[in-house]
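Counting starts at 1 for both ligands and their atoms, following the listed order. These numbers come from a predicted model, not from an experiment.
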Amino acid sequence: MTDALLALNAGSSSFKFVIARADALDQPVLGGSAERLGSEQGVLSLKPAQGPSSRQALPDATHQQALTVLFDALAEHCPGLTVRGIGHRIVHGGAIFTDPVRITPDVVGDLTRLVPLAPLHQPHGLAAIDAARARYPEAIQVACFDTAFHAGKPWIHQAIALPKRYYTEGVRRYGFHGIACESITSALIADGFPLEERAIAIAHLGNGCSVTAVKNGRALATSMGFSALDGLTMGTRCGHIDPGVLLHLLRNGHDADSLERLLYREAGLLGLSGLSNDMRDLAASDSDDARDAIAFFIARAVEEISRMAGVMGGLDCVVFSGGIGENAADIRHAVMKGLSFLPGREGTGIECKVQPADEEDQLLRAAKRFL
Ligand code: AMP
């Protein structure tokens, strides 16, 4: 039997996974995803490095059920591999976890206490830990945190202008997409791109969107804050919003649950366009509302990246990632055009790069460090 590592990247209605031999992490044996979990269209896709891909319908499956099907499939497809370690993506590490950590019952207790800070994401990460511990009781389980990359931000970029006791209680700007940011900065370094003396903005534009200011290789500020709602306009999330609007809505028929649904699931590109949360659908549509939604999305990206230029005292390079950032060249060009007033390094303009994030690779590497 050969030692293997498994990466489990649980999202709100999906998860991605990769399994690799412990001595060949950059050549995964099998990867894939489960998508649209909890809906009739739930599906598990397996993509072996060799051989044909396959899909299995999982109507109305929970994360737990989909993981059980996945673990059975791993046993069937990879009979020679023994899972020794599992790297989990956990959205919220709070103020406690600033590095990957081996999962113990105490750690699970701490992560469970953070559920109220990320109610739509944290439970799925915990469900994955639970399912993996039941199936692979001997394996080392490691948690990696989306908040960790941002943990060293200066106080002014973590604070919220409320009475200070709220900060002490954990009401602060954490930031998310950190595992993606780590993967991107690692890839840039491996590519020979110098992060020292450089001010870069990582524009992660997917269904979730964020901009992170990275100066000298460290996160200084990021557009997401206390929750993954703040900052850029996203597929279904509102991004930046005047808090007075929330008070108005609460006084006029909304309660916390309906407001949560509105802000997380019915806003963003979907809300603005009335059509779709998916940029490809909007780009293909000739409706005015779709066009307006795209224009709004671009304007917010320009505003937020400009803010990061202010935070860093300059901007050398914008690094695009995520489904939109990697694939939609016209959006990238429009954003860069909006930034053309900024001088860039030595007056040469701002560099534009595309760098896909590989979160599962980060999870595998973190798990290996604990073997
Ligand atoms: P992600 O969450 O990173 O998978 O990104 C999903 C988003 O990327 C969706 O809005 C997709 O419509 C968008 N996307 C993927 N491919 C393209 C493309 N070729 N052009 C425009 N948007 C795309």
key: Exercise: do Q64 and T62 side chains pair donor with acceptor under 3.5 Å   = no

Side-chain H-bond candidate by donor/acceptor type, S210 with H204, under 3.5 Å = no

task = Would you please indicate if the ring centroids of H150 and Y174 are separated by under 6.0 Å?
result = no

inquiry  = In the structure I gave you, are the side-chain heavy atoms of V335 and F320 within less than 4.5 Å of one another anywhere?
reply    = yes

Tell me the protein heavy atom at minimum distance from [atom], and give that distance in Å.
atom	result
atom 14 (N) of ligand 1	G323 O, 3.5 Å
atom 21 (C) of ligand 1	A328 CB, 3.6 Å
atom 6 (C) of ligand 1	N207 N, 3.7 Å
atom 11 (C) of ligand 1	D278 OD1, 3.5 Å
atom 10 (O) of ligand 1	M279 N, 3.0 Å
atom 13 (C) of ligand 1	I324 CG1, 3.6 Å
atom 16 (N) of ligand 1	N327 ND2, 3.4 Å

request  = Fit a plane to each ring of H124 and H63, take the angle between them on a 0 to 90° scale, and name the class: parallel (under 30°), tilted (30 to 60°) or perpendicular (over 60°).
outcome  = parallel

task = Find all atoms of ligand 1 within a distance of less than 4.0 Å from any non-hydrogen atom belonging to G322, and give their numbers and elements.
result = 3 (O)

Proximal ligand 1 atoms for G206, defined as those under 4.0 Å from one of its heavy atoms = 1 (P), 2 (O), 3 (O), 5 (O)

query = Should R135 and D72 be marked as a salt bridge (Lys or Arg N to Asp or Glu O under 4.0 Å) after you check the CA-CA gap, both sets of side-chain angles, and the distance that decides it?
reply = CA-CA 10 Å; R135 181 63 68 109; D72 290 343; 2.9 Å; yes

query = Does the side chain to side chain donor-acceptor pair (under 3.5 Å) test come out yes or no for N216 and E196, once each step is laid out?
reply = CA-CA 4 Å; N216 299 323; E196 290 79 34; over 6 Å; no

